[in-house]
Amino acid sequence: MLLDDLNPSQREAVLCLDSPSLVIAGAGSGKTRVITYKIAYLLEQGYEPWSILALTFTNKAAREMKERIAKLVSEERARYLWAGTFHSIFGKILRYEADRIGFNADFTIYDTSDSKSLIKTIVKDMKLEDKKYKPSAVLSHISNAKNSLILPAAYRNSARLMERDRAQGMPEVCTIYEEYMRRCRQSNAMDFDDMLVYTWMLFHNNPDVAQKYQDKFRYILVDEYQDTNYAQHQICVVGDDAQSIYSFRGAKIDNILNFQKLYNGVKLFKLEQNYRSTQTIVSAANSLIHHNVQQIRKDVYSTGNVGDPIEVCKAYSDVDEANIVVRKIRHLATAKNLRYQDIAVLYRTNAQSRSLEDALRKMSVPYRIYGGTSFYQRKEIKDVIAYFRLIVNPYDEEALKRIINYPNRKIGDTTLGKVLMAAAGQNVTPWEILSHPESLDVNNPTKERLKAFADMILSLREIALTQDAHEVGLAVVKISGIQQDIFQGKEPEDISRQENLQEMLDGMASFVQERKETGGGYMLTNYLSEVSLLTDMDEDESEGDNKVTLMTVHAAKGLEFEAVLVVGLEEELFPSQMSMDSPKQIEEERRLFYVAMTRAKQYLYLTYARRRMKFGITSDCEPSRFLKDIDRQYLKSDKPEMPSFRDIVSRPAFIPRQPRTYSEPARTTPAPPSNFIKVRKPLSAPQPTTASVPASINGLRVGTVIVHERFGEGVVEKLEGSGLDAKACVSFRNVGTKQLLLRFAKFTVKG
C-alpha cells in the first residue's frame, strides 16, 4: 500500500534494492518523498532500522525525514534509524571510536567563533600582523584544505597552495594550520571540518573499523548529493545536478556527474514530474537549464495548470525597480488574494536588499529578511552610521563607544572605561574628555591616540559643513580606516561586507541626487534624519508572520512560495561579475537562477534595471544573458499604460508639499566647563549656487511625457516658478508624484 502513493518513476526508485542508485530529482518532483518511502519500504522488507544510514545537510531535513517515516511505519521503529547530518552522524561514530584516533570520547566541538579565537591567539603568539592574518581568512583556507582532505604536510608540499598564500600576503598560513591542529588535539577538541577529516582518517587507517561499519550499514542514503564536498564524497544518494550551487563552500558537482563512473552497476532514476509549479514555470526553467553543458539531461514536466506567463519587468533604475517590486506585491495581495507570507523577493547579493527595504518601508509593506539581517542592522552599516552620528553630534555617547576603537586604534576597554569615569566625575560628556585628555589617568601614547581620534572627528565635521552627504560618506570610510579594513579580505563574508558598504555609499549618492532634484536638504544631517525613519526596527506585531520574505537565492534553496520576484537580472550582477571569465562558474550561476525560478508555484516575475548606481555614478546596465536563455513563448513584458492627459487635468489642483526641516539633535547633557572646546556649529545645507534655467526645455509643458534617469516614465502635471526656481510636478508610473527642480533634474522628453 505504501507504493500506491508514488508515481511510476518514484516507485521504481524505491523498489531498487540490489544496486547503487542515483536518483536525479527535478525541482519539486518529490525527492524527500522518495527517500522517506524508500526507508519505510526497507523497514517493511525486514531491514532493521539501525542498519540504515540516512545523511542530510540540515538538522531540519533529518528531523522532517524521521517524522515522515514515523507516520509511515511507527515511531518506535523510526527512533532507531541512523538519520542526521554528516556532522552529527560522524560525531556519533567518532565518540564510539575516539581511542582509535587518539582522542577521548568526551572531546569538545569548536564552533566558528572558537576556531577564530584560537587562530587569533596563534597569530599573536607567532608575532604575525593581525591585519594580514585575519582569523576569518586563515580559517577559510584551513577549512577548504580540510574539505579536500589536504592535511598540513600535504599543504606544505603543495606548490600551488603555498604560492597562493604568498601572493595574498599570508605565507605562514600552513604553519598556523599545523599549530592549529596541534592545539586542537592538545585540547581534545575538533572543529566541524575535523569531524569529516577524522572520520575519513578513522576508516582509511583502520580497515577493521571500516569493515565494521560496512557490515553495520546495509543501506546508505545521501540527500542533496550534488552539494557534497570531496571529504563527504570519500566517506560515503539523491540529488539534482541542476541545483548544485554551493561550489564556494567546497561542493563539487563532479561528485554527482561522475557517480555512474565510480560505482559498478549503477542504476539511474529520474524524477521528472514537478508537483510544485505551473507548466509555464517548469517549461521556462527547462529551457534555461538546457543551455548548461555540464548536466545530466532530464525533461521536467508539470501536470498542473498552465499558469500565467512569466512577467519580465524592465526598470529605468534600481529605484524604479524597487518600486515596481512593491507595486507587484500589492497587486498580488489585492488582485490575486495572496498573503504577504506567500510572496518572496530573491536577489543575488545581500547588498541588494537596501533599495527593496527602503521601498517596502515607505509603502508600509511588512517584510522579513530570511536567514540574514536587515540592511541597516548589519555591523559594517551600523559602524558607518555611528561615525555619522558622532560627526553630527559629538556628544552621542553610544556612537562614540561603538567606533572609538574601530578600526583598531589600540584604545581598549580599560582606556574607554577611564574616559567614561572621568566624564561622569566631571559632569561632562566623554567627547569633552577626549578633546582635552591631558588630565586623564593614562600614559602619554594613549593620550595621543585619544586626541588623534578627536581630531579626526573634528576634521570630518569640517568636511560635513560644506560637502554633501555622499562626499562625507566617502571621506569617513577612507579617513577612518574602514575602507582599508573591509576591502582587504577575499573570502565570501568579506566580499559581502564590501558589497554592503558600497551599496550604502551608492544609496547616499542616490539620496543626494534625488534631494537636489526635488529641492530638499542633502547634507549629512538630512541623510541621518532619513535613515532614522528607515531603521526604526520596532516591528509591527499586528502583522504576525504575514510578511513578504526577502532573501538571497542561495538561502531560498528548498523553499517554495506562491509568488516569487527575482530582481537584479543584469550582467555582472546575475550572473555575478566574479563568474564572467569562467564558463564553469557561469553554469553554476545559471543553476542558481534555475533554483530561483523553481521556487515559484503560481506567479513568477523577473526584473532588471537599465541603469544602476555604481560607485556613486549612475551607470548603464545590460540585461542578464539568462533572460535570453528562456524560451520567449513563456514570457511577457510588463508595459503598463501611462496616465492620459485627460486623467491628469481632471485631478484636483496640485498642492505643493511643505518642505521638511531637519535640525541637529538636541544636546541633553549638562553644559561643559568653559575650558572645554564646544562643538555646536550647525551642519546646515549651503545656499544654492547661482545657475540659469534654459528658456526652453524641449517644449516641456503640462501633459508632456518625460523619461527620468532614475524615476522612469512620468507625465508633467504642473509647471511653476521661473529661473532658478522653475519646478515641474511629475506623476511617475512607479514612484508616484515628484516635484522636480528643473535646474537639477536629469530627464529627457519622450518622443
Side-chain angles (χ1 to χ4, degrees), residues 379-413 415-424 426 428-440 442 444-486 501 504-505 508 523-529 531-532 662-673 675-686:
K379 180 187 179 302
E380 55 274 16
I381 304 304
K382 294 188 74 172
D383 289 338
V384 175
I385 289 176
Y387 271 97
F388 293 167
R389 287 166 50 190
L390 198 61
I391 291 167
V392 170
N393 175 21
Y395 307 112
D396 186 333
E397 182 176 326
E398 293 306 311
L400 185 147
K401 288 192 295 187
R402 183 179 183 92
I403 50 89
I404 191 171
N405 198 39
Y406 175 74
N408 192 326
R409 299 183 178 87
K410 297 183 179 179
I411 302 174
D413 292 341
T415 300
L416 178 58
K418 290 181 178 180
V419 170
L420 298 176
M421 189 177 299
Q426 298 180 41
V428 296
T429 66
W431 167 257
E432 287 145 352
I433 297 295
L434 291 180
S435 299
H436 292 272
E438 296 84 4
S439 61
L440 198 62
V442 295
N444 286 332
T446 300
K447 290 178 182 177
E448 291 173 4
R449 287 193 287 270
L450 293 172
K451 187 65 166 63
F453 173 75
D455 288 344
M456 179 189 68
I457 297 299
L458 283 173
S459 67
L460 289 169
R461 185 174 171 82
E462 291 299 319
I463 293 172
L465 288 170
T466 57
Q467 302 296 313
D468 64 45
H470 179 235
E471 292 295 334
V472 178
L474 292 173
V476 165
V477 299
K478 184 177 181 179
I479 294 173
S480 68
I482 290 176
Q483 179 174 301
Q484 182 180 0
D485 178 67
I486 287 183
L501 183 58
M504 181 183 193
L505 293 172
M508 296 182 76
M523 305 302 280
L524 186 60
T525 48
N526 308 123
Y527 176 75
L528 276 178
S529 296
V531 168
S532 67
Y662 301 89
S663 59
E664 184 174 351
R667 185 173 177 276
T668 57
T669 56
N675 63 318
F676 285 106
I677 296 174
K678 302 177 180 63
V679 184
R680 304 188 186 201
K681 197 185 297 181
L683 297 180
S684 57

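Note that the numbering runs from 1 along the sequence shown for the chain. This structure is a prediction, so every number in the text was calculated from the model and none was measured.
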Kindly indicate whether the side chain of [X], heavy atoms from C-beta on, has any atom under 4.5 Å from the side chain of [Y].
{"X": "Tyr387", "Y": "Val477", "value": "no"}
{"X": "Gln426", "Y": "Met421", "value": "no"}
{"X": "Ser439", "Y": "Lys447", "value": "no"}

Measure across [X] and [Y] and return the closest heavy-atom pair with its distance rounded to 0.1 Å.
{"X": "Leu465", "Y": "Met523", "answer": "O-CE, 3.9 Å"}
{"X": "Pro430", "Y": "Ala423", "answer": "N-CB, 3.7 Å"}
{"X": "Ile403", "Y": "Asp383", "answer": "CG2-O, 3.5 Å"}
{"X": "Pro437", "Y": "Lys451", "answer": "CD-CD, 4.1 Å"}
{"X": "Ala454", "Y": "Leu434", "answer": "CB-O, 3.9 Å"}
{"X": "Asp485", "Y": "Pro407", "answer": "CB-CG, 4.2 Å"}

Open item on the list: Show, in sequence, the C-alpha distance, side-chain angles and deciding distance for Glu398 and Lys401, and conclude whether the salt bridge (Lys or Arg N to Asp or Glu O under 4.0 Å) test is met.
Closed with: CA-CA 5 Å; Glu398 293 306 311; Lys401 288 192 295 187; 3.1 Å; yes

Does the [X] side chain pair with the main chain of [Y], one donor and one acceptor, at a distance under 3.5 Å?
{"X": "Arg461", "Y": "Val392", "value": "yes"}
{"X": "Thr446", "Y": "Val442", "value": "no"}
{"X": "Asn405", "Y": "Gly412", "value": "no"}

Task: Chi angles and distances behind the side chain to side chain contact (heavy atoms under 4.5 Å, CB included) call for Val472, Leu460 - done: CA-CA 7 Å; Val472 178; Leu460 289 169; 5.8 Å; no

Distance check, rounded to the nearest 0.5 Å: [X] atom [atom1] versus [Y] atom [atom2]?
{"X": "Ile479", "Y": "Ile482", "atom1": "CD1", "atom2": "CD1", "answer": "11.5 Å"}
{"X": "Trp431", "Y": "Ile433", "atom1": "CH2", "atom2": "CD1", "answer": "12.5 Å"}
{"X": "Tyr406", "Y": "Lys382", "atom1": "OH", "atom2": "NZ", "answer": "14.0 Å"}
{"X": "Glu462", "Y": "Ile457", "atom1": "CD", "atom2": "CD1", "answer": "12.5 Å"}
{"X": "Arg449", "Y": "Asn444", "atom1": "CZ", "atom2": "CG", "answer": "10.5 Å"}

TODO: Decide if atom NZ of Lys478 counts as having more than 12 heavy atoms of other residues, nucleotides or ligands within a radius under 6.0 Å.
DONE: no

Open item on the list: Between Asp468 and Tyr527, do the side chains contain a donor N or O and an acceptor N or O under 3.5 Å apart?
Closed with: no

- [ ] Would you please say whether a donor-acceptor pair under 3.5 Å links the side chains of Glu432 and Thr429?
- [x] yes

TODO: Have a look at Ile404 and tell me which of Leu390, Thr415, Leu450 forms a side chain to side chain contact (heavy atoms under 4.5 Å, CB included) with it.
DONE: Leu450

Task: Those residues that, when tested against Asp396, pass side-chain hydrogen bond (donor to acceptor under 3.5 Å, both in side chains) (two or more places apart) - done: Arg389

- [ ] I would like to know whether Met508 and Phe388 meet side chain to side chain contact (heavy atoms under 4.5 Å, CB included); could you show each step before the answer?
- [x] CA-CA 12 Å; Met508 296 182 76; Phe388 293 167; 3.5 Å; yes

